[in-house]
Student: 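Quick one: this structure, given as structure tokens, is what I'll be asking you about.
Convention: sequence-line order gives letters A, B, ...; per-chain numbering from 1.
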2 protein chains.
Amino acid sequence: MRKHKDLLAVLRHNRQRVTPARRFLLQLFIDNHSRSLSLPEIQAHLQDRLPGINRSSIYRNLEMLKALSIIQELRVVRKGRRYQFVFERPVHHFIICKACGKVSKGKRGFFEQVERSLQDIHDFKKANLSVTFYGFCSRCRVG
Amino acid sequence: MRKHKDLLAVLRHNRQRVTPARRFLLQLFIDNHSRSLSLPEIQAHLQDRLPGINRSSIYRNLEMLKALSIIQELRVVRKGRRYQFVFERPVHHFIICKACGKVSKGKRGFFEQVERSLQDIHDFKKANLSVTFYGFCSRCRVG
DNA sequence: CATATTAATGCATCATGTTGCAAATAGTTA
DNA sequence: TAACTATTTGCAACATGATGCATTAATATG
């Protein structure tokens, strides 16, 4: 698990300025590295610490963190977007149930198999690959 | 390739009424079964034939066609949503380049491998599984 | 074919996400 | 540490998407 300071260095290294909003955002993601956060959660957290912070700043900062692969965006059916801290983790993929919205982390072996197939059959780049699977988990399947 | 009439029967079988908007939508997807359509394209097409049709009707009908697995929604980075006719096709998955937005259809062998891994390792239901991969295609990869 | 029943539509409104631009601020340099 | 410059922010406006409800239209029934 990376610390706040390390992530600030990542920002600087990518010529991104360290602003109060960004500090709070990073700390929030670090403190919740084991789960994904909803947009309302993120907004509430920032509003608390920076009253009056603008919606567009939040969106733009989330975009930036996504671009630096510090967080990943997940789309959960009927539950909007969620954001997960993924910085320097080997496995960045998720499996999301279309029925109940349950988000599971992919297991390493599965990821490796998919990666291999994707590379062999479709010539898709391994690095920076992020994959999310939508299907029906065992509890929600009907038949 | 299914015909218009067959799809109307699918709607009726699912207790969905056949309205002018739905007829035009289905015909549009049939006529363009080999490619995905953008929302502006769909809207323009319907506006032409049903002047004054409401945005929300279009969204609701697209939702319905998705729910019946007649079409599938694809999210292309910086290019919005696209809709692809997928009714009764064995392979409903796509591979999308995050850099150029290129959408390719997944090859059968790849799909089968992923499906197997997903079933074995994650106990995810095979039927109704729809998967979209986002990564970098060979033309866009940097390193 | 007239009427009843139920679902789809249009409309209004709200929620969410995007963008151009002027003002504010972080990082840089003297 | 004051001034410079480049990026980020807030703001306003707009685009897109979702929703409750009255009206309209598709289907079922007599």
Side-chain angles (χ1 to χ4, degrees), chain A residues 4-5 7-26 36-68 70-83 101, chain B residues 4-5 7-26 36-68 70-83 101:
Chain A
H4 196 159
K5 247 176 51 180
L7 288 172
L8 298 186
V10 173
L11 292 202
R12 291 203 182 89
H13 183 255
N14 286 277
R15 287 163 219 79
Q16 299 296 320
R17 292 184 176 178
V18 174
T19 65
R22 291 173 176 186
R23 286 178 188 279
F24 288 127
L25 256 184
L26 287 175
S36 63
L37 301 169
S38 68
L39 209 64
E41 267 180 295
I42 295 170
Q43 285 186 324
H45 185 89
L46 288 186
Q47 289 288 352
D48 266 10
R49 285 155 186 78
L50 297 169
I53 185 175
N54 198 275
R55 229 157 15 106
S56 57
S57 298
I58 300 178
Y59 286 124
R60 284 190 274 226
N61 281 325
L62 289 173
E63 275 308 304
M64 187 267 289
L65 296 181
K66 270 165 62 183
L68 298 187
I70 291 174
I71 62 173
Q72 181 171 333
E73 182 183 291
L74 311 174
R75 305 255 184 173
V76 184
V77 185
R78 286 180 304 279
K79 297 194 181 174
R81 308 179 178 192
R82 297 186 70 84
Y83 296 88
Chain B
H4 197 159
K5 247 175 55 181
L7 289 171
L8 298 186
V10 173
L11 293 202
R12 292 204 180 90
H13 183 255
N14 286 278
R15 287 163 221 78
Q16 299 296 320
R17 293 181 177 181
V18 174
T19 66
R22 292 172 176 187
R23 286 177 187 279
F24 287 127
L25 256 185
L26 288 175
S36 64
L37 301 170
S38 69
L39 209 64
E41 267 180 295
I42 295 170
Q43 286 186 324
H45 184 91
L46 287 186
Q47 289 287 353
D48 265 11
R49 285 155 185 79
L50 297 169
I53 185 174
N54 197 274
R55 228 159 16 105
S56 58
S57 297
I58 299 179
Y59 287 123
R60 284 191 275 226
N61 282 324
L62 289 172
E63 276 308 304
M64 187 268 289
L65 296 181
K66 269 166 63 183
L68 297 187
I70 291 174
I71 62 173
Q72 181 171 333
E73 182 182 289
L74 311 174
R75 305 255 184 174
V76 184
V77 186
R78 286 181 305 279
K79 297 195 181 174
R81 308 179 178 192
R82 298 186 68 84
Y83 297 88

Student: Rounded to the nearest Å, what distance is computed from the CG atom of residue B:Leu25 to the P atom of nucleotide C:dA8?
Tutor: 14 Å
Student: What distance separates A:Tyr59 OH from A:Ile42 CD1, expressed to the nearest 0.5 Å?
Tutor: 10.0 Å
Student: Looking at B:Glu63 and B:Lys66, does any basic side-chain N land under 4.0 Å from a carboxylate oxygen?
Tutor: yes
Student: Just how far, in rounded Å, is C1' of D:dT8 from CG of A:Leu65?
Tutor: 14 Å
Student: Go through C:dT9, D:dT8, C:dG10 for me and flag the one nearest to the A:Gln16 side chain.
Tutor: D:dT8
Student: Specify the separation, in whole Å, of atom CZ of B:Arg22 and atom C1' of C:dG10.
Tutor: 14 Å
Student: Could you tell me whether the side chain of A:Leu11 reaches within less than 4.5 Å of the side chain of A:Leu26, counting heavy atoms only?
Tutor: yes
Student: Output the rounded distance in Å from CZ (B:Phe24) to C1' (C:dT9).
Tutor: 15 Å
Student: Kindly indicate whether the side chain of A:Leu62, heavy atoms from C-beta on, has any atom under 4.5 Å from the side chain of A:Glu73.
Tutor: no
Student: Rounded to whole angstrom units, what separation is found between the CD1 atom of B:Ile42 and the P atom of D:dG17?
Tutor: 10 Å
Student: Please state how far atom CD1 in B:Ile58 lies from atom P in D:dG17, giving the value in whole angstrom units.
Tutor: 11 Å
Student: Atom CG of A:Asn14 to atom P of C:dA26: distance rounded to whole Å?
Tutor: 20 Å
Student: If you round to the nearest 0.5 Å, how far is CG of B:Leu25 from CZ of B:Arg49?
Tutor: 11.0 Å
Student: Return the polar atom pairs (N/O with N/O) between nucleotides 18-25 of chain D and the protein under 3.5 Å, or none.
Tutor:
from	atom 1	to	atom 2	distance (Å)
D:dG20	O6	B:Arg60	NH1	3.4

Student: Contact between A:Gln47 and A:Ile53 at the side-chain level, heavy atoms closer than 4.5 Å - yes or no?
Tutor: yes
Student: Give the rounded distance in Å between these two atoms: CZ of B:Arg23 and P of C:dT9.
Tutor: 13 Å
